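Here is the structure we will look at.
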Amino acid sequence: MNVIVVGSGIGGLTAALHARERGHSVTVVTKGALGDGCTGFAQGGVAGGYGHDDSPALHAADTLAASGGLADADAVDVLVGGARAAIDDLTARGVRFDRSADGALLRGREAAHSRSRIVHSGGDATGAAIASALVAATRTARIDVVENAFLADLEVVDDEIRGVRVLIGGSSSILRADAVILATGGAGRLYAHTTNPEGTTGDGIAAAMRAGAAVADLEFLQFHPTILDAGPPFLVSEAVRGEGATLLDDEGRRFVFESHPDGELAPRDVVARAIARRAARQGAPVRLDATMIGGAALRRRFPTIDRVTRERGFDWSAEPIPVTPAAHYLMGGIVTDVDGRTSITGLFAVGETARTGVHGANRLASNSLLEGAVFGARAAAALELPWPTTVENRAGSPGAVEPAPDDDDSMPFSRSALQHLMWDEVGLIRTPAGLRRAAHTVALWAAQPRPLRSIVDHEDANLLALAGAMTRAALARTESVGSHHLETTTAVLETV
Ligand code: SIN
């Protein structure tokens, strides 16, 4: 079978390698260089609930609890049940997970996990280790690689995938395939503040929406609580809190316990909102105090964070550092079954691009690399299976574009204006009025004719389509759950 994989993070490259090993002819198409994208930035590790005091059932229970009750239990079972094989597979491909002197995997703790079950590589450089091992494996696996190729559209005839249209160096080409696996990541660049690298503009999800694929849960966008509040966005891993770091207000008090009994290890959405509220109330950033971990342990366990904080003028072994939330991870996406199959025959989606149902309204830390590895391999294995007559769509809906309102009182479109609108109105804390304002403005912008002359133009169109779909999904969900948090009075929001 001719298979095209679009994207080259953990989900895409795992799918590509497994598909090649199963005898398929595989082409990886990627927007930048092979391995660019979010995976390489991941500091958190891979969650695997199979240590001596742990089990997949406990890992599943934590995943479901963090999800606000909205994760699909069967998909979660597939995810946690695949952890050991996924970690073994990555190890076999050259990822050196951190181990104790006797060779056992070292397991760290992160928020909302009831056990220490996160495996890391290079302390806080797990994503970089995975990206480099998978890129090296891909380069030697007789897989065709097309770099700097932008996914312009999916080629779909009668609800069946036929290939992709890509833009390479200004010209458009059609690449034919029997199956396409989308692994283009999420859409963090919709927001003014994000941990995601520049190319994270939702291209795969937007192309799938244009082709009529079902999407769901787009209202669930996770904000990471602790980004260094100095210089360009730089994530300070949740594992630092897992090792005992605390969050302090301007009077040196721990304040997250006021929001949740687990304090700094509460689910991510709770911690992120508590930080945003406290920072707004005190008019200054809150601080992450990691001094109790000690300088030597901080350097050993978190070498990347140690280096970057020092480069930015902080000695975190001696003083708390300023932190603030930023957009981090899209829980929704293209609806798939547990084998990555979408509502379009022959089209698969894996990783952050997919809505597999494993995250619900709030992803558990370090379940995302795991998701890419588990479902990337499953999608490859499903290539040979007969396509089911109906893929179970679990509440998906086609990504329709709504008509624009007639009155145009909005500011002109720019990517920055869109990012600030999404940050202000479709962010950590939302109101019905703010969501309506955002929906109105996005619909006006989307209705304006916009020539697609450059990759940036295409990205902007994708971001606008996703902003519309996310905002409509947020308006449709009238109760707060997980990362979708609604305030019905403006008074509370004004303090944020
Ligand atoms: C982190 O290290 O805090 C990020 C891990 C994740 O996003 O799962």
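First listed ligand is number 1; within each ligand, the first listed atom is number 1. Here, residue 1 is the first one in the sequence, and each next residue gets the next number. What you see is a predicted model; the values in this text were computed from it and never measured.
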Original post:
How about His113 and Arg109: does a side-chain donor come under 3.5 Å of a side-chain acceptor?
Top reply: no

**OP:** Report the residue from Asp89, Ile87, Leu90, Leu134 that forms a side-chain contact (heavy atoms from CB on, under 4.5 Å) with Val95.
**Re:**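 That would be Leu90; it is the only one of Asp89, Ile87, Leu90, Leu134 passing the side-chain contact (heavy atoms from CB on, under 4.5 Å) with Val95.
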
Give the atoms of ligand 1, by number and element, whose distance to some non-hydrogen atom of [X] is under 4.0 Å.
X	answer
His328	6 (C), 7 (O)
Glu238	1 (C), 2 (O), 3 (O)
Ala365	8 (O)

**OP:** Answer yes or no: does an N/O atom from Leu364 fall short of 3.5 Å to an N/O atom of ligand 1?
**Re:** no

Determine whether any heavy atom of [X] lies closer than 4.0 Å to an atom of ligand 1.
X	answer
Arg268	yes
His224	yes
Asn367	no

Subject >> Closest candidate by heavy atom, reference atom 2 (O) of ligand 1, pool Cys38, Ser237, Ala42, Ser366 >> reply: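 Selected option, by shortest heavy-atom distance: Ser237.
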
Subject >> Location of contacts on Leu235 toward ligand 1, heavy atoms closer than 4.0 Å >> reply: side chain

**OP:** Would you please indicate yes or no on a ring centroid separation below 6.0 angstrom for Phe220 and His359?
**Re:** no

Subject >> Within the 6.0 Å centroid threshold, strictly below: Tyr191 and Phe223 >> reply: yes

Original post:
Any side-chain heavy atom of Thr194 sitting closer than 4.5 Å to one from Thr200?
Top reply: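 They are not in contact (no side-chain heavy atoms under 4.5 Å apart), so the answer is no.
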
Original post:
Side chains of Thr304 and Arg307: does their closest heavy-atom pair fall under 4.5 Å?
Top reply: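 Answer yes - side chains close enough.
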
Original post:
Distance under 6.0 Å and angle within 45° of the ring axis: does Arg277 meet both against Phe255?
Top reply: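 Relative to the ring axis of Phe255, which defines the angle, Arg277 lies outside at least one limit.
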
